[in-house]
There are 2 protein chains.
Amino acid sequence: MARMTTRTETSGRNAARSRPGRADRRTEALSREKIVAAAIGILDAEGESALTFRALAARLSTGAGALYWHVADKGELLAAASDDVLTRTFATLPQEADPASAIRTLALAMFDMIDRHPWVGTQFFREPWQLSMLRIVEGIGGPLQKLGVPDEALFDCGSALLNYILGVGGQNAANARLPTKIMEREPFLADVARRWKQLDPQQFPFVHRVADSLPGHNDRQQFVAGVDLILAGIEARYPAARNL
Amino acid sequence: MARMTTRTETSGRNAARSRPGRADRRTEALSREKIVAAAIGILDAEGESALTFRALAARLSTGAGALYWHVADKGELLAAASDDVLTRTFATLPQEADPASAIRTLALAMFDMIDRHPWVGTQFFREPWQLSMLRIVEGIGGPLQKLGVPDEALFDCGSALLNYILGVGGQNAANARLPTKIMEREPFLADVARRWKQLDPQQFPFVHRVADSLPGHNDRQQFVAGVDLILAGIEARYPAARNL
DNA sequence: ACCTGAACACCGTTCAAGT
DNA sequence: ACCTGAACACCGTTCAAGT
């Protein structure tokens, strides 16, 4: 937004005739940050497929080529956008004394972040060596150390939690691209459940059993349940007690 | 391959002049299966980005538009391709009496499948309601029932395992797209480890601790370790004993 | 230094026209 | 019924030309 200059709306290309020094330039210079912010805006509002260099340029009222002066390519733009969201998420993360709750808190922060910005969920799988990825790794592994997991097991335990969190993230990103956006969640899941129950109960006993809990289930709660399950496994294997 | 007809190599468009009845038609009619098979060939050999309707048509020596007679769009093509791979994977899956080993075996089969066909790893996140997805769900949930997990917990436990497996799949798919293809795995990971160790040890103690085990680590073994961790958590929570 | 916008080399998809 | 290939409406990216 920021100081919207009064602008006479010539519907076509805007008044190229006038030139009062520089007052007419309604964009106060492009910048990487401004581009990333606009990209996030598009991604959040219209989804990953709507982020186009042309659309982005239009939103910033500039040419598509101008963006390349500040950003190498689309991959870097996406990476920068998700890094931005991730950084902000980490900034508001409360410090937890208890290691298990620290992991739980981090995991939930990731979940909520991807819930708000689904496109971030796919980004993890694209540039796994990024610094932002490392912050998640540390946010999981640090507490694991404090939990008393032995050195040899640290890597495996950390990777298990990380992969679980990323898996849910990717899954949620996928769900956001789906009919759910058109149809309401409840009826949609009810419909899926209905189809599940039409399968051969002999061949799909579990799917049948679980179908009824599908429409009412809470993704977020199911997500933590999984984290707790992994934590329970870690504690069972490496009993260093201290946790709720 | 199949009965390669002798063909005089006119380098440009191929002899449109001759018309000996129908003997010249070197493709014995298109079909959905043939298209899917060719697509898998391209995906495996050159990666997801190489699968183009034009490239596919060229490989099948037909026009791009012809493919649309047998396949609705690219999404359906990708779905059919991964369904095909998945079906073949399930077909060779050994029956396991012990529920825990059944889960472990299925998980490893998924891992190996994605190792051979990395592009399948991303597909799960795209069409989660597919029948192939349900076969995985059942393959995990069935054994969980036999393991004695109570009904209320069945859904959460199954989803935890599923999300973990999918997460690793997505991650492996991402890794396959990376410099690893150009650089060798070992030096690449050694390089990543080196950069990890350049980070502030105060801020990234875990990353530092784990860096040295990065280059030598075995993805597959780490993957099972995670599955075992989740299984350990399930057994700790719902002790129905019977397992190795 | 930074921006513009046409141009290039692609895409997926459609569709009139052929057999 | 099935196939062909040009055409359409897009992409990401480059680059000469401008300021």
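Residue numbers begin at 1 in each chain, while the letters A, B, ... track the order of the sequences. Just so it is clear, the model here is predicted, and its values are computed rather than measured.
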Notebook entry, point to check: Which letters describe nucleotides 12-19 of chain D, given B = protein heavy atom under 4.0 Å from base, S = only from sugar-phosphate, - = neither?
Noted result: BBBB----
Checklist line | Side-chain N or O of A:H70 closer than 4.0 Å to phosphate OP1/OP2 of C:dC3 | finding: yes
Notebook entry, point to check: Quick one: do A:R220 and A:D112 make a salt bridge, cutoff under 4.0 Å?
Noted result: yes
Item checked: Side-chain donor-acceptor contact under 3.5 Å, B:T92 with B:R88 -> no
Note to self: Just to be sure I follow the notation: if a pair is Watson-Crick (purine N1 to pyrimidine N3 plus N6-O4 or O6-N4) or a G-U wobble (N1-O2 and O6-N3), each under 3.5 Å, what dot-bracket string does DNA chain C give, with | for pairs to another strand?
What the structure shows: ||.|||||...|||||.||
Next item on the list: Quickly work out the A:L56 CG to C:dC3 P distance and round it to whole Å.
Entry: 13 Å
Next item on the list: Salt-bridge test for A:R185 and A:D219: reply yes if a basic N is under 4.0 Å from a carboxylate O, no otherwise.
Entry: yes
Margin query: Looking at B:E48 and B:K74, is there a salt bridge between them, counting it only when a charged N and a carboxylate O are closer than 4.0 Å?
Written below: no
Check residues 63-73 of chain B and write down every donor-acceptor pair under 3.5 Å in which the side-chain atom is one partner and the other belongs to a residue at least two apart or another chain.
unit_1, atom_1, unit_2, atom_2, d
B:D73, OD1, B:G75, N, 3.3
B:D73, OD1, B:E76, N, 3.0

Notebook entry, point to check: Separation of A:W69 atom CH2 from C:dG5 atom C1', in whole Å?
Noted result: 17 Å
Item checked: A:S82 versus A:R126, side-chain donor and acceptor atoms under 3.5 Å -> no
Next item on the list: Mind listing the closest non-hydrogen atom pair of B:R59 and B:I42 along with its distance?
Entry: NH1-CG1, 3.4 Å
Note to self: In this structure, how many angstroms lie between the P atom of D:dC3 and the CG atom of B:L60, rounded?
What the structure shows: 10 Å
Checklist line | Gap between atoms CG and P, on A:L30 and C:dC3 respectively (whole Å) | finding: 5 Å
Margin query: Would you say CZ of B:R194 has more than 12 non-hydrogen atoms from neighbouring residues, nucleotides or ligands within 6.0 angstrom?
Written below: yes
